[in-house]
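Everything on this sheet refers to the single structure shown next.
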Protein chains: 2
Amino acid sequence: MTITIYDVAREAKVSMATVSRVVNGNPNVKSATRDRVNEVIQRLNYRPNAVARGLASKKTTTVGVIIPDISNIYYSELARGLEDVAKMYKYQTIISNSDNDPVKEHEIFNNLLSKQVDGIIFLGGTLSGETLKLIESAPVPVVVSGTNDVNETLPAVNIDYYKASSEITERLVKQGLRRFAFVGGGYSAKALKDVQAGMKAVLKANDLTLSDHAIYIGDEQYRDGEKAFSHLKEQKPEAILCISDEQAIGIVHAAQDAGLQVPEDLQIISFNNTRLVQMVRPKLSSVMQPLYDIGAVGMRLLTKYMNDENIEEKNVVLPYKIDYRGTTR
Amino acid sequence: MTITIYDVAREAKVSMATVSRVVNGNPNVKSATRDRVNEVIQRLNYRPNAVARGLASKKTTTVGVIIPDISNIYYSELARGLEDVAKMYKYQTIISNSDNDPVKEHEIFNNLLSKQVDGIIFLGGTLSGETLKLIESAPVPVVVSGTNDVNETLPAVNIDYYKASSEITERLVKQGLRRFAFVGGGYSAKALKDVQAGMKAVLKANDLTLSDHAIYIGDEQYRDGEKAFSHLKEQKPEAILCISDEQAIGIVHAAQDAGLQVPEDLQIISFNNTRLVQMVRPKLSSVMQPLYDIGAVGMRLLTKYMNDENIEEKNVVLPYKIDYRGTTR
DNA sequence: GTGAAAGCGCTAACAC
DNA sequence: GTGTTAGCGCTTTCAC
C-alpha cells in the first residue's frame, strides 16, 4: 500500500541502507547509484516516513511552542517570526495555547515531550514556579521568548523593559507631570515588574511616587482598558504607561468618552507595539519592540542548543525604540 | 536512560502488552494489576513515546494546519478555535504559514504527510489548482475553513458571503446610493467572488453597475487601504464593501484625511469582523463572521473524518449577522 | 561504496 | 485477564 524505503531499494536494486544514504544526502554513494535511486524515488513517489525516522534516529525535527494565546496579536507576531526561522532550519512547530495557565502548561509540556520534540520554545507569559521546574528538568532544550524567570537563568530573548520605562518616565517628568499610573496584565510578569521598577526609580529620583492606587492589573484586552480607566480616573493621572496596546487603546477611548483630551489632559504610551498602534487615531505612542525578531531570535537560539552549537550569549537583549506618536506630547 | 514500556513491565512483573493496555485504558485488565502498573508508571515517571506509538499504530494524533499568515488577526482567530477543538479531541496541531503561496503550500503538504499527520486543515486563502489536486489526492482527510474550491466539492466551513453582500447592498441602494466600490485582497478567492457577485446581482436589479474601475484588489493590509482609497477616489464612491478589516480601517482614515466625512460622505463596511472593528472610531460596520467557530467547526469536521464518524453535511455554512456600526448610516 | 542486521519503543493479533 | 511475538519504516553500526 504505502511505499517504503524497502520498495525503493528493491526497484533500484540496492540495499535500504543505500536508499537511506541517498535520502539523507550522505556523500558516500556513487553518483550513478544515486541517480538510479533518485529516479526510482521519483517514479514511485516515495515519501520518507518521518515517524519511523524519528524512532530510529531519536530526532523528530519538530519543536514545541507553548504560547498563551495565538489569537492575541502580540503573540501571533512572535509566532510568525519563530515559525519562519524554524522552517528555515527544517523544523516543524507544534503550537499549543496555554492561556498562561500552569495546569495547561504542564499538560502541554508532557504532550510535547511524549511527541519527542527536539526542543521547546516558551512564549511570553508569566513563568510559574511549577512551570519553571518543568523547564529546568526537561530532557530537551527550552528557550523562553518575551519573558524570563526572576533570576534570569534561562536561555531567553527580551528587550530591556526597565530602561525603556525609565526613559519614558524621565521624559514625562521633565514635561512637569506629577501623577503617573501603570496598567498591566497577567500575561507578562517580567514586563510588569521591570516597567514598574523603571517608573518607580525615576519617580523616586524626582521625589514622586507610584502609589498602589495608581496601578491596575487586568487581562490586557480592549474592554479591560475601559475598566482600567474607570479604576484610575479618581487619581487623575497625567500619564499612563500600559503594557498592552489593546488595553491602551481602550483607555484612550474611555478617556475621550469621559471628556478628556488625549494627549493634552492625559498621555498614554504602551509597550507591545503591535500593528494596532498605527490603526487608531490618535496613533498610539509606544515602545517599538521587535516582535517578529523576538520570536525569530528565540527560535534561532533554540536551534543552536538543539545542534550543540556554541552559545555566546544565552540571555539575548534586543534593541528597542520609543515612538512618541499621537497619544503623548 | 530513557525509560520504556519494557522497564515498566519488568518492574511491575507483567508483560509489555499489559502495560500497553493500562496506558491505553483497555478495560481487559484486572484492577489489582492496573493499580500495580500505574504505581510503577508513577514511580518511574514513565512517559509513553508517541513516536513509537505512531509507528506501530499508524496514528499520530497530530493534525496539520496550513494557514496563510498566523500574524494576521483574522487567521489567528480561526487558529485559536481550531486548536481548542483539536485539544479537546486529544490532537496536537502542526501549524505552518503558507503566505497563500502554492509553492510553499506544496512543500508544507509534503512535510505534513511525511510526518504522518492524521488529517489536514487548510485555512482561508485562495485554492490554486495545484493545491486543489494535492488536497484531492491526499491519503488523509483534508477540510478547508474560510474558503472552498469553485465547485464547492471539498469538506468546508464558511458563511454565505453572497447573501451577506446582497443584504448590505440592498440596504445601501434603498438609501439612494448609486456609486459603489469593492475592495478585496488576494487571500480569499471565495469571499472575493461571492461578495462581488452579491453586489452585482443587487445592483443590476436596480439598474446600477459595479464597474471594473470601482474594484480594487490589494493585499488586505492597513496601508493597502490607503492605496485602495486613492485608487478609487476619482469614482467618488458613496459606499465601499471591503473584505478585510485592516484595509477598511485604512480606507476610513485615508478618506478622513482627504476631508471626507464617514459615514456621511462615504460608507464603509467590512467582512472579516476581527476584534479590530471595535477598536477604531468610528467603529467599523461589518459582517459578523463567527471566526472562532469557523476554525472550531472545521476541526470538528476533520475529527469526524479521521474517526470515520457519520458526516451529515460536508459543506457547512455558518450563520452571520451584520452589524451596522459607525461607518454606515 | 555498499549491504546485512540489529534495533528504536510501541501496538496488535493471537494464543493460552 | 495476560503473555508472546511479529512487525511498523527507518537509521546506524559494522563488515566487506
Side-chain angles (χ1 to χ4, degrees), chain A residues 1-38 40-41 44-62 90 110-111 113-118 139-140, chain B residues 1-38 40-41 44-62 90 110-111 113-118 139-140:
Chain A
M1 178 58 240
T2 64
I3 99 111
T4 74
I5 201 172
Y6 187 78
D7 301 317
V8 176
R10 187 168 23 74
E11 282 288 311
K13 301 197 196 316
V14 295
S15 71
M16 15 183 328
T18 299
V19 178
S20 176
R21 289 189 186 98
V22 172
V23 168
N24 293 300
N26 185 318
N28 292 334
V29 182
K30 202 160 45 172
S31 82
T33 319
R34 178 184 306 281
D35 292 348
R36 189 151 38 90
V37 171
N38 275 325
V40 175
I41 287 178
L44 264 46
N45 194 20
Y46 166 67
R47 179 186 293 124
N49 181 325
V51 173
R53 174 183 289 171
L55 183 58
S57 69
K58 297 180 172 302
K59 296 220 166 307
T60 54
T61 63
T62 304
K90 312 283 184 201
N110 280 334
N111 287 148
L113 293 179
S114 161
K115 287 257 155 102
Q116 313 299 117
V117 295
D118 295 337
V140 295
Chain B
M1 176 59 240
T2 62
I3 99 111
T4 74
I5 201 171
Y6 188 78
D7 300 318
V8 176
R10 186 168 23 73
E11 281 289 311
K13 302 198 197 316
V14 295
S15 70
M16 15 182 327
T18 298
V19 178
S20 176
R21 288 190 187 98
V22 172
V23 168
N24 294 298
N26 185 317
N28 291 334
V29 182
K30 201 160 47 171
S31 82
T33 319
R34 177 185 308 281
D35 291 348
R36 188 150 39 89
V37 171
N38 274 325
V40 175
I41 286 178
L44 264 46
N45 194 19
Y46 166 66
R47 179 185 294 124
N49 182 325
V51 173
R53 174 183 290 172
L55 183 58
S57 69
K58 298 181 170 302
K59 295 220 169 304
T60 54
T61 62
T62 304
K90 312 285 185 200
N110 280 333
N111 287 149
L113 293 179
S114 161
K115 287 258 156 102
Q116 314 301 117
V117 294
D118 295 337
V140 296

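Labels below follow one simple rule: chain letters A, B, ... track the order of the sequence lines, proteins then strands, and each chain is numbered from 1.
Taking all atoms of both residues into account, the shortest heavy-atom contact from B/D118 to B/V140 is O-CB, 3.6 Å. A/V29 and A/T33 get closest at one heavy-atom pair: CG1-CB, 3.9 Å. B/T4 and B/Y46 get closest at one heavy-atom pair: C-CE1, 3.6 Å. In this structure, A/P48 and B/S114 approach most closely via the heavy-atom pair O-OG, 3.1 Å. Among all heavy-atom pairs drawn from A/T61 and A/K90, the shortest one is CB-O, 3.6 Å. Listed here is the closest heavy atom pair of A/S15 and A/A9: C-CB, 3.7 Å.
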Checklist entry - Given A/R36 and A/V14, is the side chain to side chain contact (heavy atoms under 4.5 Å, CB included) satisfied, shown in steps? => result CA-CA 9 Å; A/R36 189 151 38 90; A/V14 295; 3.9 Å; yes
Item to check | Test log, rule side chain to side chain contact (heavy atoms under 4.5 Å, CB included), inputs A/R47 and B/N110 | outcome: CA-CA 8 Å; A/R47 179 186 293 124; B/N110 280 333; 3.4 Å; yes
Checklist entry - Could you walk me through whether A/I41 and A/N38 pass the side chain to side chain contact (heavy atoms under 4.5 Å, CB included) check? => result CA-CA 5 Å; A/I41 287 178; A/N38 275 325; 4.1 Å; yes
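Read 5' to 3', the first and last nucleotides of DNA chain D with an atom closer than 4.0 Å to a heavy atom of chain B are D/dG1 to D/dG9.
Less than 4.0 Å separates DNA chain C from at least one heavy atom of each of the following residues of residues 21-33 of chain A: A/R21, A/N28, A/V29, A/K30, A/T33.
The residue A/T18 sits close only to the backbone: its heavy atoms come under 4.0 Å of sugar-phosphate atoms, none of a base.
Remark: B/S20 engages B/I5, B/N24 in a side-chain contact (heavy atoms from CB on, under 4.5 Å) (not counting sequence neighbours).
Separating the CZ atom in B/R21 from the CG atom in B/N28 is a distance of 7.0 Å, to the nearest 0.5 Å.
Residue pairs meeting the salt bridge (Lys or Arg N to Asp or Glu O under 4.0 Å) criterion with at least one member in residues 6-16 of chain B, sequence neighbours excluded: B/D7-B/R10, B/E11-B/R43.
With contacts defined as side-chain heavy-atom distances shorter than 4.5 Å, the pair B/Q116/A/T2 does not qualify.
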Hey, what are the protein-to-nucleotides 5-9 of chain C N/O distances that come in under 3.5 Å?
| from | atom 1 | to | atom 2 | distance (Å) |
| --- | --- | --- | --- | --- |
| C/dC8 | O3' | A/K58 | NZ | 3.1 |
| C/dC8 | O2 | A/A56 | N | 3.3 |
| C/dG9 | OP1 | A/K58 | NZ | 3.0 |
| C/dG9 | OP1 | B/T2 | OG1 | 3.4 |
| C/dG9 | N2 | B/A52 | O | 3.3 |

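Taking the C1' atoms of five terminal pairs at each end of the helix from C/dG1-D/dC16 to C/dC16-D/dG1, the two resulting helix axes are inclined by 30°, rounded to 10°.
Projected onto DNA chain C by closest heavy-atom contact, B/V19 and A/R36 fall at different nucleotides, the more 5' of which corresponds to A/R36.
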